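Structure in structure tokens, see below.
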Amino acid sequence: MPNVSPAGPPMAASPLTVAVLEIDAYASTLGWDQPARLFALVDTARLRAQEPGLASQLGLDDTSAPDASLTPIEQEELPAGKALDEFLGTIAWPDAVAGCAMTVERLMLPPSAEASVPDGLSDKQLTQWVARHPDRQEVRMTVAVLRDGARESAVRLREKDSPTEVLTGAGLVPGLAEALAATFES
């Protein structure tokens with residue numbers, strides 16, 4: 001069941017939940033109307049041991065993050081004009097990457113409005129219809145997956161843009177989670 005995060009991650013939060021909330025907080029500092037962003041998630045202890053220079057550059061000294069944590073590393077900007085699912089289909093992660101995460105902004109309708117969607121619309125027509133709907137809401141979704149199948153999501157509404165109003169839950173954005181998980185399949 002989704003929950004609303006407090007000002008920081010819950011005390012017993014999993015490393016994946018903490019990473020998702022860190023990425024959400026980072027994305028919130030960039031403002032809205034941003035492109036999608038992709039992150040590699042690496043085991044912090046492994047990063048310190050295998051790449052001490054990079055760990056130091058990222059400010060990950062021995063006390064800054066627990067060994068069981070995940071460190072998000074933002075990847076290069078996504079190619080403009082390429083569909084997200086097509087782009088994700090081109091990714092292959094090295095073994096050192098424990099998981100990945102993505103932030104993306106979208107327009108969403110509440111479940112009560114979904115019943116009024118006209119039949120037979122193309123993707124482009126549906127996008128235009130949602131953009132004109134009076135109940136539409138702008139959201140930023142941060143979704144993360146690990147190689148072992150673990151998933152976590154955070155959703156922030158633009159109209160309630162506050163760290164205390166972020167919904168979290170493993171199943172909030174299943175389609176994007178599936179697409180990210182597919183990047184780890186051989």
Side-chain angles (χ1 to χ4, degrees), residues 1-45 47-48 54-55 57-78 84 88 97-113 130-131 133-146 148-181:
M1 172 176 234
N3 56 42
V4 177
S5 76
M11 293 293 287
S14 74
L16 187 57
T17 301
V18 172
V20 164
L21 292 172
E22 285 175 358
I23 294 168
D24 172 75
Y26 164 72
S28 74
T29 67
L30 303 173
W32 286 86
D33 304 317
Q34 296 293 313
R37 296 179 186 281
L38 181 67
F39 299 82
L41 299 175
V42 297
D43 178 271
T44 302
L47 179 65
R48 283 188 192 123
L54 178 58
Q57 186 179 4
L58 294 172
L60 299 173
D61 60 30
D62 290 340
T63 60
S64 66
D67 280 345
S69 67
L70 294 166
T71 298
I73 300 175
E74 188 170 3
Q75 303 301 290
E76 292 182 22
E77 193 170 303
L78 279 62
L84 194 57
L88 290 174
V97 175
C100 65
M102 178 169 268
T103 61
V104 63
E105 295 178 15
R106 292 289 185 260
L107 291 176
M108 295 182 78
L109 292 177
S112 60
V130 170
H133 197 282
D135 294 333
R136 74 186 177 282
Q137 295 188 16
E138 290 181 72
V139 299
R140 181 183 305 115
M141 302 174 287
T142 303
V143 179
V145 300
L146 295 180
D148 68 9
R151 297 170 180 205
E152 187 61 77
S153 305
V155 177
R156 183 185 291 241
L157 298 173
R158 188 170 189 160
E159 72 179 31
K160 293 184 178 186
D161 192 2
S162 163
T164 60
E165 296 288 335
V166 177
L167 298 173
T168 59
L172 294 178
V173 191
L176 183 53
E178 286 294 326
L180 290 172

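It should be emphasised that the depicted structure is a prediction, and the values quoted were computed from it without experimental measurement. Hydrogens, waters and symmetry mates play no part in the numbers below; they use all other heavy atoms, side chains included.
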For Val139 and Trp32, work out which heavy atoms get closest and say how close.
->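 Val139 and Trp32 have their closest heavy atoms at C-CZ3, 3.6 Å.
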
Hey, does the side chain of Thr44 reach the backbone of Ser69 with a donor-acceptor pair shorter than 3.5 angstrom?
->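 The answer is yes, because a donor-acceptor pair under 3.5 Å joins these two groups.
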
Distance from Leu84 atom CG to Leu180 atom CG, nearest 0.5 Å?
-> 8.0 Å

Ignoring hydrogens and geometry, is there a side-chain-to-backbone donor-acceptor pair from Glu152 to Val145 under 3.5 Å?
->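 Flag not set: sc Glu152 to bb Val145 has no pair under 3.5 Å.
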
Less than 4.5 Å apart, any side-chain heavy atom of Thr168 and any of Val20?
-> no

Should Leu88 and Leu176 be marked as a side chain to side chain contact (heavy atoms under 4.5 Å, CB included) after you check the CA-CA gap, both sets of side-chain angles, and the distance that decides it?
-> CA-CA 10 Å; Leu88 290 174; Leu176 183 53; 4.2 Å; yes

Minimum heavy-atom distance between Ala144 and Ala101, given as atom pair plus value | CB-CB, 3.7 Å

Set of side-chain hydrogen bond (donor to acceptor under 3.5 Å, both in side chains) partners for Arg151, sequence neighbours left out = Glu178

For the residue pair Phe39 and Thr103, what are the closest heavy atoms and their distance?
->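 For Phe39 and Thr103, the tightest heavy-atom pair comes out as CE1-CG2, 4.2 Å.
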
Which heavy atom of Tyr26 sits nearest a heavy atom of Glu74, and at what distance?
-> OH-OE1, 2.7 Å

Can you name the side-chain hydrogen bond (donor to acceptor under 3.5 Å, both in side chains) partners of Gln34, sequence neighbours left out?
->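 side-chain hydrogen bond (donor to acceptor under 3.5 Å, both in side chains) check on Gln34 returns Arg37.
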
Which atoms form the tightest heavy-atom contact between Glu22 and Pro72, and what is the distance?
-> OE1-CD, 3.8 Å

Gap between atom CG of Asp43 and atom OG1 of Thr71 - 0.5 Å precision = 8.0 Å

After noting the C-alpha distance and the side-chain angles of Leu70 and Leu16, does the key distance pass the side chain to side chain contact (heavy atoms under 4.5 Å, CB included) rule?
-> CA-CA 7 Å; Leu70 294 166; Leu16 187 57; 4.1 Å; yes

Minimum heavy-atom separation for Arg140 to Ser28, with atom names?
->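 Looks like NH1-CA, 3.7 Å.
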
Pairs touching residues 24-33 that satisfy salt bridge (charged side-chain N to carboxylate O under 4.0 Å, His left out), sequence neighbours left out = Asp24-Arg156, Asp33-Arg158

Report the C-alpha separation of Val104 and Met141 in whole Å, then their side-chain angles, then the decisive distance to 0.1 Å, and conclude whether the side chain to side chain contact (heavy atoms under 4.5 Å, CB included) test is met.
-> CA-CA 5 Å; Val104 63; Met141 302 174 287; 3.7 Å; yes

How long is the span from the CD atom in Glu159 to the CD atom in Glu165, to the nearest 0.5 Å?
->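 It is 10.0 Å, given to the nearest 0.5 Å.
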
